[in-house]
Trainee: 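The structure that follows is given in the form of structure tokens.
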Amino acid sequence: MDYLEQLNEPQREAVENVNGPCMIIAGAGSGKTRVLTYRIAHLMNAHNVDPFNILALTFTNKAAGEMRHRIESVVGSDAKNLWMGTFHSVFARILRAEAGRLGFPSNFTIYDTDDSKSLLKNIIKELNLDDQIYKPNMVLSRISMAKNKLVSWHEYTTNPIYRAADEESNRPEIGRIYKAYVERCFKASAMDFDDLLFNTNVLFRNFPDVLNKYQHRFHYVMVDEFQDTNLSQYLITRKLSAVRENICVVGDDAQSIYAFRGADIQNILNFEKDYPSLKVIKLEQNYRSTQVIVEAANSVIDKNRAQLKKNVWTANETGELVQLIKANSDGEEGKLVATHIFEEKMNRQYHNSDFAVLYRTNSQSRSIEEALRRMNIKYKIIGGLSFYQRKEIKDILSYLRFAINERDEQAFRRIINLPKRGIGDSTVDKIMVAAAQLGFPFWEIAKGMQNYIPGRAVHAVAEFVTMIEGFKLTVQSKDAYEAASHIASRSGILKELYEDKTIEGLNRYENVQELLNAIKEFVDNTENEDKSLGAFLQEVALLTSVDEDKDNDPDKVTLMTIHMAKGLEFKAVFVVGMEEDLFPSQMMISSRSDLEEERRLFYVAITRAEKKLFLSYATSRYRFGKLKSCDPSRFLEEINPGYIKVDRKLSNQENRFSATEKDFRSNLVSGMAPPPKTSTPINGYVHKPEADFQPSDTSNLQVGMKVEHPKFGFGMVIKMDLDGANRKASVNFENFGEKTLLLSFAKIKIHSS
DNA sequence: GACTCCGATCTTTTT
DNA sequence: GATCGGAGTC
């Protein structure tokens, strides 16, 4: 068991203590993933546990995949048989197998948030309620909260506490909407995200034999990111592990940032009460960050009351102070961030991929993007509007969904008149009303249109019905890829997009092609046993935006919300928008109690950094399309002043780099070739059109240069590839175009890959 | 039923 | 600054 040698004492204990309830409190950067990985490997290796009997629940599919991969490298291909995945994907799988018990077909659809919202919108309209008072978003979050606490619509409507709360906020009908929503989902053979957990609880509660089966299957249960589980998830894991009580949860209360969707920090705080024989192991040594960063983070989180006692420390170097950046506007903030990235790249020989820019809200990404684009620094955005949320993708997916589940109301509404075939809203309404009155599924009404609703839409609907019935046969007889491409072209969607020659239209067409490629990949992937369209749709429905990251150019700066950054680490991190009302967010300030969660969010952001942390704020910012002045965030004052330094150097324009040739040479990596002639004119103009430089394949060096662009300002990296034998240089200008450049600084580094 | 224009609303985070 | 829905027109 040589892997045990690589662990410190508490880590080793966490790996070896496999029997009985166990809670691992893992501070930021304390090697949590490593411990989980080795623990599972250890179960298989040292205790001969069949991987089929191990259940490991993670937060994202990506985390599950990575862990499986790492376990595989220790124990081999056996790792494939582990039950590992997100709560939603694992229990969706179990629900499909047991769907009949709950009266659902096994091909039930999974509604995403958009589907849920538009269904709610329909219901609110049908109940003649004011959609200004009953906003779908708000109603959905109310229902979601209830489901996450395992409160059924029935309990919701009878419980006086919920009644009173709803009446107080002048929304007494939420219970009624909840009821209608559940009924409509059931009729549509659909479950939303919360239902996957709620219904698993119902399944285990109402069918002891089913529960028994899974209790005996999973001898060992592990939960990652335990601090972010809600009651519904917690009860599932408790029930599943009730027979053997080999339950191990890993988490950090200081990093609980999902209370808004029902995560309950009490789960972690109360775990000890639920399991009196609980073994608690604390991992407190941080291996990720410098002392300054660890201490700064501690000084912030200390302000929270609700937390478990622990002492996160590090043996790493002291490191540099946290750097505060003040900007006059969001635009300048972006510029300063880009400039600092540029400087750090040169001074420390970092790659783009060593940087992350973290923000509170997705909308903040724009000004950062603009600045990075200007300086030709490559970046990628994680999260935001995901590929699978795009209109054209959802359109195609709706066709596929409907071919599999003819009761899927939301899919039906989406595709019935797309492309336009003369079936408008009023026809759809008539179909739905007839279906409700006669008690038939709406698809039956559509199929017998001339009998139920004679009129001018009959012909168009009949054609649609024939087409869909054809698709259903296709889905049964072909694999996912063949079926999807058939449906994409026969439905007329592909054609319509193809004929749209605008840039957006072209883009959409390409996106659909990309979707088809993804389905092809899914079918060709030998690890997927089930290659049906249904299996693909299930996977896609439960994909998270972190999972979608399959960028093939790995050297990019990462931009994302702090929420998405959980579990990740970067050499240098920028937390931008440190302004009151933005971070902490206005909404949290008004509801006082959750300021602690905002602080934990800040803690998560800080602890992503390994070497260097930047915090930036702007004194004015565009919000709601209007320029507003902003105050620095209260969080900035919560960092112990000993760990922070204020940077003014770069906020005034005249303070630009200038370097002498000596500086230039002293930055050479020892033993490497001297810089070639073409790059020596420091502070001089280089008049070379792009065409004069050819990227070289034989390179082993890369030169980062600070350059000035007459129009776009200064600060841009140019890669210079050196041919070692001839000492000739060729420069790749990276989309710079034919422009005159001022070289003011350069530094050579080894290009390791 | 399809199209166009205008105003309201949104942004806190996501499985 | 973008998107969505409603009103009005063809």
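Order of the sequence lines fixes the chain letters, A, B, ..., with proteins taken first and strands second; residue numbering starts at 1 for each chain.
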Trainee: For nucleotides 8-11 of chain B, print each protein N/O atom paired with a nucleotide N/O atom at under 3.5 Å, atom names and distance only.
Mentor:
from, atom 1, to, atom 2, distance (Å)
B:dT9, OP1, A:Gln132, OE1, 2.8
B:dC10, OP1, A:Lys135, NZ, 3.2
B:dT11, OP2, A:Asn137, ND2, 3.2
B:dT11, O2, A:Ser363, OG, 3.2

Trainee: How far, in whole Å, is C:dG5 from B:dT12 if one measures between their C1' atoms?
Mentor: 24 Å
Trainee: Between the protein and nucleotides 2-10 of chain C, which nitrogen or oxygen pairs come in under 3.5 angstrom?
Mentor:
from, atom 1, to, atom 2, distance (Å)
C:dG5, OP1, A:Lys121, NZ, 2.8

Trainee: I'd like to check A:Tyr234 versus A:Phe271 (side-chain heavy atoms, cut-off strictly below 4.5 Å). Are they in contact?
Mentor: yes
Trainee: Can you tell me if A:Phe260 is stacked onto the base of B:dT13, using a 5.5 Å centroid cut-off and an angle below 30°?
Mentor: yes
Trainee: Start at the 5' end of DNA chain B and walk down; is the nucleotide closest to A:Arg360 or to A:Thr113 reached first?
Mentor: A:Arg360
Trainee: Round to the nearest Å and state the distance from A:Phe198 atom CZ to B:dT15 atom C1'.
Mentor: 17 Å
Trainee: In dot-bracket form, 5' to 3', how is DNA chain C paired? Count Watson-Crick and G-U wobble pairs only if both distances fall under 3.5 Å, and write | where the partner sits on another strand.
Mentor: ||||||||||
Trainee: Identify all side-chain donor-acceptor contacts of residues 455-464 of chain A below 3.5 Å with residues at least two apart in sequence or on another chain.
Mentor:
none

Trainee: Is there side-chain contact between A:Asn201 and A:Ile236, with heavy atoms separated by less than 4.5 Å?
Mentor: yes
Trainee: B:dT11 and C:dG6: how far apart are their C1' atoms, nearest whole angstrom?
Mentor: 23 Å
Trainee: Listing time: all N or O pairs from protein to nucleotides 1-3 of chain B that are below 3.5 Å?
Mentor:
from, atom 1, to, atom 2, distance (Å)
B:dG1, OP1, A:Gly424, N, 3.1
B:dG1, OP1, A:Thr427, OG1, 2.7
B:dG1, OP2, A:Ser426, OG, 2.3
B:dA2, OP1, A:Gly422, N, 3.3
B:dA2, OP2, A:Asn417, ND2, 3.0

Trainee: Strictly under 3.5 Å: I want the nitrogen or oxygen pairs between protein and nucleotides 5-7 of chain B, one per line.
Mentor:
none

